[in-house]
Each structure stands twice: as structure tokens, then as C-alpha cells.
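FYI, side chains are in, hydrogens and waters are out, and symmetry mates aren't considered; it's all heavy atoms of this structure.
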Amino acid sequence: MKITAISCSLREESRSRRLLAVAADRLARRGHTLDTIDLRNLGGALPLCDAGMSYADPRVADLRTRIEAADGVLLAFPIYNYDGSAAAKNLIELTGRAWTDKVVGLLASAGGRGSYMAPMGIANPLLLDFQCTIVPRIVVVTEDAFDGDRLRDTFAGELLDDMLGRFERLIAAVR
């Protein structure tokens, strides 16, 4: 399976990026091909979606192509003020129809445990606008889940493994 793994955090010390790295490593060990995208490494900030000229940015076209080529997409993002990051929402708006019919796994990091439902703000447009299949296990971690780059929280690791297994099965079912 070809999987595009996207980190939407613009922060240097990102937990969601670390969570994505753990997930990508587990999928690579299972033999999947991964195309990893880090929004920080695109040569500057993406343009804000303006429903006009922002779509002409060559980086946006490249992102669209890479998402379209994937069998499934892992989307990792931070939660700010009980919602997915603006960078994640902007990415979805800029790349739009590239998401159509994709299987999408959501990974998020939050400041506290009360943010566990915040990823629904990201899931809803993917589900409703682009008919994505959202893996029905969303992994949300907090700072205490990590020891450096290692995911030390056993429960979070079990949730991640469950989500990745569902992700693989859903991709296989829709291919």
C-alpha cells in the first residue's frame, strides 16, 4: 500500500510529528511504501486558501498530486483551543478534491485530555465534502505520552496499533 503521511505542525518540538513518525515506522515495518510530508519543509508557509490564486502555487499542486497518488493518508496535527490546527485545515482547503474517496487516519496531539473530540472538526469536511473513509479510531496524545521520540504510553501505543490495523483493513477493502 502507498501511504502519504502528513505532519501539519509548524512547531519545532511537535508531538503530533513524533506520533506520525512512530506510526510511519510501524507501517514501514509492515512493508508499506510511505511518502512523508512535513509542512515545515515546503520552502515557506503555504498560501492561505483564498479560493483563487492560492491554488496556483506549485507546492499546492505537488501536494495534490502526492495525496491523489496515495491509497491512504495519515494526517497528524496539533490541537489548539479545542480544534485542529489552522495549517491542517488550510492544507485540506488547498488540496480539496485530491482527498476524494481516500481512507484517512487521524493523529493529533493536545494540551490536555479534554481535547479528544477536537479532531472531528478536521474529520467532518473530509467525510462530508470529499467522501473520505475516516478510520473510526482517532489517536489523540498529550505531552506525557512521550519520552523523547519514544511513545512510552502503553495505552496510546495500543490505540495507535488498533488504528493502524483498521487503516490497513479499510484501504484493502476499498482498493
Visitor: Taking all non-hydrogen atoms of both residues, which atom of Lys89 and which atom of Asp83 are closest, and how far apart?
Guide: NZ-OD2, 2.8 Å

Visitor: Please answer: with hydrophobic residues joined when any side-chain heavy atoms are less than 4.5 Å apart, are Phe155 and Tyr116 in the same cluster?
Guide: no

Visitor: Looking at side-chain heavy atoms only, is the closest gap between Leu19 and Phe146 below 4.5 Å?
Guide: yes

Visitor: Are Met120 and Leu91 linked, directly or through intermediate hydrophobic residues, by side-chain heavy-atom contacts shorter than 4.5 Å (ILVMFWY only)?
Guide: yes

Visitor: Is a donor on one side and an acceptor on the other found under 3.5 Å between the side chain of Ser9 and the backbone of Ser16?
Guide: no

Visitor: Quick check on Glu143: does its CD atom have over 12 non-hydrogen neighbours (other residues, nucleotides or ligands) under 6.0 Å away?
Guide: no

Visitor: Do Val22 and Ile3 land in one hydrophobic cluster if side-chain heavy atoms of ILVMFWY residues count as linked below 4.5 Å?
Guide: yes

Visitor: For residues Val135 and Val73: do they belong to one hydrophobic cluster (side chain heavy atoms under 4.5 Å, members Ile, Leu, Val, Met, Phe, Trp, Tyr)?
Guide: no

Visitor: Closer than 4.0 angstrom, basic N to acidic O: yes or no for Arg59 and Asp62?
Guide: no

Visitor: Could you state whether Leu106 and Leu151 fall into the same hydrophobic cluster, counting links through intermediate Ile, Leu, Val, Met, Phe, Trp or Tyr residues with side-chain heavy atoms under 4.5 angstrom apart?
Guide: no

Visitor: Between Arg15 and Ala110, is there a donor-acceptor pair closer than 3.5 Å when you use the side chain of the first and the backbone of the second?
Guide: yes

Visitor: Going through the checks in order, is the side-chain contact (heavy atoms from CB on, under 4.5 Å) test met by Thr36 and Thr4?
Guide: CA-CA 6 Å; Thr36 303; Thr4 297; over 6 Å; no

Visitor: Can you tell me how far apart SG (Cys8) and CD1 (Ile37) are? Round to the nearest 0.5 Å.
Guide: 9.0 Å

Visitor: Kindly indicate whether the side chain of Asp101, heavy atoms from C-beta on, has any atom under 4.5 Å from the side chain of Val174.
Guide: no

Visitor: Please find the pair of heavy atoms, one from Asp153 and one from Arg113, that lie closest to each other, and give the distance.
Guide: OD2-NH2, 4.1 Å

Visitor: Would you mind checking if Asp71 and Lys2 are paired as a salt bridge, meaning a charged N to carboxylate O distance below 4.0 Å?
Guide: no

Visitor: Can you check whether His32 reaches Glu168 side chain to side chain, under 4.5 Å on heavy atoms?
Guide: yes

Visitor: Can you list the residues that meet the side chain to side chain donor-acceptor pair (under 3.5 Å) rule with Ser109, with sequence neighbours excluded?
Guide: none

Visitor: OG of Ser54 to CD of Glu93: how many Å apart, nearest 0.5 Å?
Guide: 9.0 Å

Visitor: Going through the checks in order, is the side-chain contact (heavy atoms from CB on, under 4.5 Å) test met by Leu94 and Leu48?
Guide: CA-CA 8 Å; Leu94 287 170; Leu48 291 177; over 6 Å; no

Visitor: Check whether Arg169 reaches the backbone of Gly165 with its side chain - one donor and one acceptor, N or O, closer than 3.5 Å.
Guide: yes

Visitor: Looking only at non-hydrogen atoms, find the nearest pair between Leu27 and Phe167 and report the distance.
Guide: CD1-CE2, 4.2 Å

Visitor: Please tell me if the side chains of Met163 and Ile138 come closer than 4.5 Å, counting only heavy atoms from C-beta onward.
Guide: no

Visitor: Evaluate the side-chain contact (heavy atoms from CB on, under 4.5 Å) criterion for residues Gln131 and Lys102: first the C-alpha distance (whole Å), next the side-chain angles of each, then the deciding distance (0.1 Å), finally the verdict.
Guide: CA-CA 8 Å; Gln131 296 79 48; Lys102 296 294 177 196; over 6 Å; no

Visitor: First locate atom CD1 of Ile79, then atom CE of Met117, and finally report the distance between them rounded to the nearest 0.5 Å.
Guide: 11.5 Å

Visitor: Quick check on Arg97: does its CZ atom have over 12 non-hydrogen neighbours (other residues, nucleotides or ligands) under 6.0 Å away?
Guide: no

Visitor: If you take all heavy atoms of Cys49 and Asn90, which pair is closest and at what distance?
Guide: N-OD1, 2.8 Å

Visitor: SG/Cys132 to CD1/Ile92 distance, rounded to the nearest 0.5 angstrom?
Guide: 8.0 Å

Visitor: Do Arg166 and Pro136 have side-chain heavy atoms sitting under 4.5 Å apart?
Guide: yes

Visitor: Of the non-hydrogen atoms in Arg137 and Asp162, which two are nearest, and what is the gap between them?
Guide: NE-OD2, 2.8 Å

Visitor: Using a strict cut-off of less than 4.0 Å between a Lys/Arg side-chain nitrogen and an Asp/Glu carboxylate oxygen, indicate whether Arg18 and Glu13 qualify as a salt bridge.
Guide: no

Visitor: Mind checking the CG-OG1 spacing from Leu159 to Thr154? Nearest 0.5 Å is all I need.
Guide: 11.0 Å

Visitor: Walk me through it: do Asp38 and Arg17 pass the test side-chain contact (heavy atoms from CB on, under 4.5 Å)?
Guide: CA-CA 8 Å; Asp38 187 336; Arg17 185 178 306 106; 2.9 Å; yes

Visitor: Please tell me if the side chains of Leu46 and Leu39 come closer than 4.5 Å, counting only heavy atoms from C-beta onward.
Guide: yes

Visitor: Crowded around Tyr82 OH? As in, over 12 foreign heavy atoms under 6.0 Å?
Guide: no

Visitor: Could you tell me whether the side chain of Leu127 reaches within less than 4.5 Å of the side chain of Val104, counting heavy atoms only?
Guide: no

Visitor: Does the Ser85 side chain pair with the main chain of Ala88, one donor and one acceptor, at a distance under 3.5 Å?
Guide: yes

Visitor: What are the two closest heavy atoms between Pro119 and Val140, and how far apart are they?
Guide: CG-CG2, 3.8 Å

Visitor: Among Ile122, Asp129, Leu128, which residue satisfies the side-chain contact (heavy atoms from CB on, under 4.5 Å) criterion with Leu126?
Guide: Ile122

Visitor: Are the side chains of Ile6 and Ile67 in touch, meaning some heavy atoms are under 4.5 Å apart?
Guide: yes

